[in-house]
Protein chains: 2
Amino acid sequence: MKAAVQKTIDRYLEDRGLRMTRQRRDIIEAVFLSEEHFTAEELMVRAQKLNPRTSRATVYRTLVMLVDAGVLGEVELGKGQRFFDPNFGERPNHSHLICVDCGTVIEFEDSHMEVLEDCLTRRLGFRPSRKSLRIEACCEQVRKEGICENLIKARVGKGAQR
Amino acid sequence: MKAAVQKTIDRYLEDRGLRMTRQRRDIIEAVFLSEEHFTAEELMVRAQKLNPRTSRATVYRTLVMLVDAGVLGEVELGKGQRFFDPNFGERPNHSHLICVDCGTVIEFEDSHMEVLEDCLTRRLGFRPSRKSLRIEACCEQVRKEGICENLIKARVGKGAQR
DNA sequence: GTTCGTGCAAACCGTTTGCACCGAC
DNA sequence: GTCGGTGCAAACGGTTTGCACGAAC
């Protein structure tokens with residue numbers, strides 16, 4: 001985990017008179033173990049490897065806290081599940097491109113997109129805020145071959161949904 | 001309802017050997033009564049005015065069908081609820097701007113946005129697909145006055161959530 | 001008459017919450 | 001010792017599903 005993130009969290013807790021507990025430490029560690037997006041359930045599994053007594057409730061409560069502290073992003077990927085994005089703290093303006101077929105998520109930053117977003121938003125009488133931008137698309141491989149590894153994985157994993 | 005939509009639906013049913021029932025007719029009528037976004041629950045209320053025996057299950061099943069037929073759009077507005085967009089059939093490329101504070105949703109179309117989206121998507125090796133674009137922002141009124149009518153309505157409606 | 005559709009209620013699934021105990025400060 | 005945190009299990013809310021009955025075709 002980056003030192004800046006650690007510092008932000010410490011500050012957040014201190015400002016509010018909250019405590020750094022064993023469980024929070026473990027869950028936070030699990031959050032920043034990788035740069036991948038994850039669901040609450042996935043985080044639970046990871047956190048329970050660090051501390052088997054971690055409860056679902058604490059995981060959810062810690063996620064709310066981290067999002068509120070601004071070190072963790074929420075991404076709407078559809079399909080009824082919330083995903084969390086540990087790269088948010090460092091690159092709060094990145095966008096997501098999502099394959100509608102295989103679910104692959106690509107993060108990208110583009111200055112043109114940002115400028116345009118800013119213009120549009122202001123033109124419509126709004127102030128740009130959380131800039132969570134989401135494009136659904138279809139990856140080349142699925143397009144050409146009708147299948148890709150992620151799609152295979154998805155099907156094996158949860159029984160050919162989508 | 002536009003004739004084109006009607007036609008698409010008829011075609012969809014016929015191609016699959018499905019039937020046009022009283023309930024489907026009523027629910028579809030309710031869907032296109034206004035141009036506003038709505039939730040499944042809101043649609044249920046409207047549909048039940050047309051036919052008090054309408055069941056929740058049929059509403060959900062009909063929604064799935066209409067989205068599949070391409071005459072109805074799904075919008076992720078966050079907050080754990082799915083919204084449906086009856087304007088999707090006529091303007092499949094419009095985007096949504098959402099006020100993070102009051103929940104106001106503005107639909108807009110912008111050719112620059114589309115071009116950029118197209119470029120970005122291709123550059124990343126994807127083929128643009130459902131183009132559901134979503135920007136979270138904050139409306140001027142909330143910005144200046146800290147409140148707007150929509151925010152008041154939202155608070156009255158469901159008890160100051162958000 | 002066959003097959004698809006419907007209504008009901010129960011199941012589902014991700015998430016939140018009330019409560020009694022626990023532990024950081 | 002105090003007060004915030006935790007774990008558990010139950011509640012929640014939106015959505016889906018199994019099943020027997022009903023109705024298009």
Side-chain angles (χ1 to χ4, degrees), chain A residues 9-10 12-30 37-48 50-69 72 74-84 157-162, chain B residues 9-10 12-28 30 37-45 47-48 50-69 72 74-84 157-162:
Chain A
I9 295 172
D10 292 345
Y12 178 90
L13 295 176
E14 201 186 323
D15 286 355
R16 290 164 180 72
L18 304 177
R19 296 160 186 178
M20 177 50 85
T21 62
R22 164 88 200 278
Q23 289 87 335
R24 280 184 181 158
R25 211 184 316 273
D26 291 338
I27 294 169
I28 291 168
E29 191 183 330
H37 299 92
F38 58 85
T39 62
E41 205 56 36
E42 285 162 7
L43 179 61
M44 249 268 285
V45 173
R46 276 198 249 155
Q48 284 189 328
L50 298 177
N51 179 351
R53 298 200 68 256
T54 305
S55 80
R56 195 181 313 283
T58 303
V59 167
Y60 276 98
R61 287 190 274 234
T62 305
L63 282 171
V64 170
M65 196 191 81
L66 294 176
V67 170
D68 190 47
L72 186 63
E74 269 183 271
V75 198
E76 292 286 342
L77 300 187
K79 311 297 159 200
Q81 276 198 98
R82 267 154 70 198
F83 283 75
F84 295 90
K158 298 189 74 176
Q161 82 285 46
R162 272 172 187 276
Chain B
I9 295 172
D10 291 345
Y12 178 90
L13 295 176
E14 202 186 322
D15 286 354
R16 289 163 183 72
L18 303 177
R19 297 159 186 178
M20 177 49 87
T21 62
R22 164 88 201 278
Q23 290 86 333
R24 279 184 182 158
R25 213 185 313 275
D26 291 338
I27 293 169
I28 292 169
H37 299 91
F38 58 85
T39 62
E41 205 56 35
E42 285 162 6
L43 178 61
M44 248 268 285
V45 173
Q48 285 190 327
L50 299 176
N51 179 352
R53 297 199 69 256
T54 304
S55 79
R56 194 181 315 284
T58 303
V59 168
Y60 277 98
R61 289 191 274 235
T62 306
L63 283 171
V64 170
M65 197 192 79
L66 295 175
V67 171
D68 190 48
L72 185 63
E74 267 183 271
V75 197
E76 292 287 342
L77 299 187
K79 310 296 158 199
Q81 275 198 98
R82 266 155 70 199
F83 283 75
F84 296 90
K158 299 189 74 175
Q161 82 285 44
R162 274 175 186 272

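Naming convention: chains lettered A, B, ... in sequence-line order (proteins, then strands); numbering from 1 in each chain. We use all heavy atoms of the structure for the numbers below, so side chains are in, but hydrogens, waters and symmetry mates are not.
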Just the rounded figure in Å: distance from [atom2] of [N] to [atom1] of [X].
| X | N | atom1 | atom2 | result |
| --- | --- | --- | --- | --- |
| A:Asn51 | C:dC22 | CG | C1' | 14 Å |
| B:Asp26 | C:dG5 | CG | P | 16 Å |
| B:Leu43 | D:dG14 | CG | P | 14 Å |
| A:Gln48 | D:dT6 | CD | P | 14 Å |
| A:Arg82 | D:dG13 | CZ | P | 16 Å |
| A:Leu13 | D:dG5 | CG | P | 8 Å |
| A:Glu74 | C:dG14 | CD | C1' | 13 Å |
| A:Met44 | C:dT16 | CE | P | 14 Å |

Atom pair [atom1] ([X]) and [atom2] ([Y]), whose distance is rounded to the nearest 0.5 Å:
| X | Y | atom1 | atom2 | result |
| --- | --- | --- | --- | --- |
| B:Ile28 | B:Met20 | CD1 | CE | 4.0 Å |
| B:Arg82 | B:Phe38 | CZ | CZ | 11.0 Å |
| A:Gln48 | A:Leu43 | CD | CG | 10.0 Å |
| A:Leu66 | A:Arg24 | CG | CZ | 9.0 Å |
| B:Leu72 | B:Met65 | CG | CE | 10.0 Å |
| B:His37 | B:Glu74 | NE2 | CD | 12.0 Å |

Between B:Arg22 and B:Asn51, does a side chain to side chain contact (heavy atoms under 4.5 Å, CB included) hold up when you go through it step by step? CA-CA 9 Å; B:Arg22 164 88 201 278; B:Asn51 179 352; 3.8 Å; yes
Give a yes or no answer on whether the side chain of A:Glu42 reaches the backbone of A:Thr39 with a donor-acceptor pair at less than 3.5 Å.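 Yes: the side chain of A:Glu42 pairs with the backbone of A:Thr39.
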Sub-3.5 Å donor-acceptor pair from the side chain of B:Thr62 to the main-chain atoms of B:Thr58, do we have one?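 Yes; at least one donor-acceptor contact below 3.5 Å.
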Proximity to DNA chain D (any heavy atom under 4.0 Å), residues of residues 53-65 of chain A only: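 Within this stretch, A:Arg53, A:Thr54, A:Ser55, A:Ala57, A:Thr58, A:Arg61 sit under 4.0 Å of the strand.
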Would B:Glu41 and B:Arg56 pass as an ion pair if we require N to O under 4.0 Å?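 Looking at B:Arg56 together with B:Glu41, the answer is yes, because their closest N to O distance falls below 4.0 Å.
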Roughly how bent is the helix from C:dG1-D:dC25 to C:dC25-D:dG1 end to end, in steps of 10 degrees, with each end axis from five pairs?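 The angle separating the two end axes equals 30°.
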So which protein N/O to nucleotides 22-25 of chain D N/O distances come out below 3.5 Å?
from: D:dA24; atom 1: N3; to: B:Arg19; atom 2: NH1; distance (Å): 3.2

A quick test of your reading: do over 12 heavy atoms of other residues, nucleotides or ligands sit less than 6.0 Å from CZ of B:Arg16?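 Enclosed.
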